[in-house]
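Data first, discussion second: the structure below is written as structure tokens.
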Amino acid sequence: MTDRLAFRRTALNIAAPLFVAVAFVGLWYVLSVTVYADKAFLLPGPVAVIKAMHRDFGTILAATLVTFKEAFSGYAAATLLGISAAALMSQSRLLERSFYPYAVLMQTVPVVAVAPLIVLWFGYGETSVIIVSAIISLFPIINNTLLGLQSASSSLVELFAMHKAGRLTAFRKLRLPGAVPNIIAGLRISAGLSVVGAIVGEFLIGSGNSRGGLGVQIIFAQGRMDTPLLFAEVIFATFLGFGFFIAVSLVGRLLIGHWHESAR
Amino acid sequence: MMPGIPLQERGEKAAAAAASAPRRGRGGAVSIALSGVSKRFDDIVALEPVDLTIKGGSFLAIVGPSGCGKSTLLRIIAGLIAPSSGALTLPGHAVGAFVFQEAALLPWRNVQANAELVMELENIPKAERVKRARHALAQVGLEGFERRYPHQLSGGMKMRLSLARAMALRPDFLLLDEPLAAVDELTRDQLQDELLALCRSSGVTAVLVTHNVYEAVYLADQVVVMSARPGRVIDRFDVPFGDDRAPELRSSPEFVSLAAAVSASLRKGRVDD
Ligand SMILES: Nc1ncnc2c1ncn2[C@@H]1O[C@H](COP(=O)(O)OP(=O)(O)O)[C@@H](O)[C@H]1O
Ligand SMILES: [Mg+2]
């Protein structure tokens, strides 16, 4: 691949989404000064949102940090738990058959419905929010990891068996490294979900921190009919999830970029 | 996960043979004998009883239609599966290596690390592994490609790497399951010559499964033809071309007529089905 071609591809990767962003903000602006000119509390213009961002920057940033901490903790717990659970299930048909259905149930259980139970057990506060975030992030990690661990080629499995490699060796040298692309795919999906989980958790539970995270602040802004602030906070929440996703993608590229297509 | 099937079927005979058939490098080559070896998977007969003797250091080629049990036979010799009946006689200490049709490389390891894989599984010390892998890679013409990754290699190079990985172990016997079926014809001819050279220089006992009659006759000392499922041996041909074979052999009348005879036998086996 020539440098010029690579440059053009990068330029396109940046220019195309940027164009969409500009078009979107333009449309938003036009709507806000025409249809919604008299109803700014429904759709404030971009300028009003930026002003709100500027005015309450300290509050928004503090809230973002709280949500970040909760989402990150939930995500880390889900990663640890998810990969371990999948590793165990990959080692035993019986374990897999016994527990996989419940992993699926974990995903279909309406978190909103169990939130009161979580509060009952863990109280109003950070811990409960982290648990909600972890529950929402868990399934894609388990599922993708398991898929990856089970996808070793049969020839390689036979090669390892022929040279008397034990379970652990086959796991370390064949199954686990081969599963890394799938694990990263799962982690990428869950990156955004963990932020969603933290915010939903704050909606349902509140937040241990006195001023709360973005979820709590969004409810406050709604109560005060401060739509520009609400918009500003939604934008921060979105970029928090996006930043998570980018960070995980970068780590993934570092880990598997030298051999796997998906990371190039 | 494949359970590690013990090599018990190598049996008591194997223990006796071990004494009389020393390992390559310390003298003689390892010979392999199958007597009445058969295999059924539940109600499917994959392989009718087969008798075969593969002389130490010689090259046996097996040709037969798809599904006749060729891979099953190789797996039995490899100790990956146990035969349903019969006995495999192989010195207990004999080291085997397997080469698959799809090169079966680890995509996250570079060429050097892939070449070291089976030695690593056999607990050969690192320094020794590095040395042997380098040597084997040079033998198959992959010198200078050590830091490449499999996705950067052509099909032929992947197969060379797979061969190097097997040969670096210095196996007593080499099992090849249609290793050249997926490479283009020009590369295949070249790889056949390399394979031949590797086998001759190492004195390894080789068993090759192939669909290609010309490949079988070019490489082997003995060609065995199997019938369609359930597989059994229907013909055996001795190949009288000796150790030094050059590409010109392919167009000699003796070669062509032997290949024709093997083809005819193969067709007969198909008609039987
Ligand atoms: N693990 C297995 N379980 C059930 N049937 C099998 C298994 N392995 C092979 N067979 C069957 O045994 C027969 C011979 O297979 P194989 O040895 O792979 O044939 P070939 O390599 O000659 O194409 C086929 O009918 C195949 O479906
Ligand atoms: Mg086969």
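For the atom pair NE2 (A/His163) and CE (B/Met119), the distance works out to 11.0 Å, reported to the nearest 0.5 Å. With values rounded to the nearest 0.5 angstrom, A/Leu156 atom CG is found 7.5 Å from B/Leu117 atom CG.
The two atoms that bring B/Leu80 and A/Glu158 nearest to each other are CD2-O, 3.4 Å, heavy atoms only.
At a heavy-atom cut-off of under 4.5 Å, chain A is reached by B/Phe100, B/Glu102, B/Ala104, B/Leu105, B/Leu106, B/Pro107, B/Trp108, B/Arg109 from residues 100-112 of chain B, listed in order of number.
Taking a 6.0 Å sphere around CZ of A/Phe242, one finds it holds 12 or fewer heavy atoms contributed by other residues, nucleotides or ligands. Surrounding CZ of A/Phe72 are at most 12 heavy atoms belonging to other residues, nucleotides or ligands under 6.0 Å away.
With a 4.5 Å cut-off on non-hydrogen atoms, B/Arg148 does not touch chain A at all. With a 4.5 Å cut-off on non-hydrogen atoms, B/Tyr149 touches chain A through its side chain but not through its backbone. In this structure, chain B has no heavy atom under 4.5 Å from any part of A/Phe171.
Between chain B and the residues A/Ser154, A/Ser153, A/Pro177, the most heavy-atom pairs under 4.5 angstrom are made by A/Pro177.
Annotation: side chain to side chain contact (heavy atoms under 4.5 Å, CB included) contacts of A/Val251 (sequence neighbours excluded): A/Leu255.
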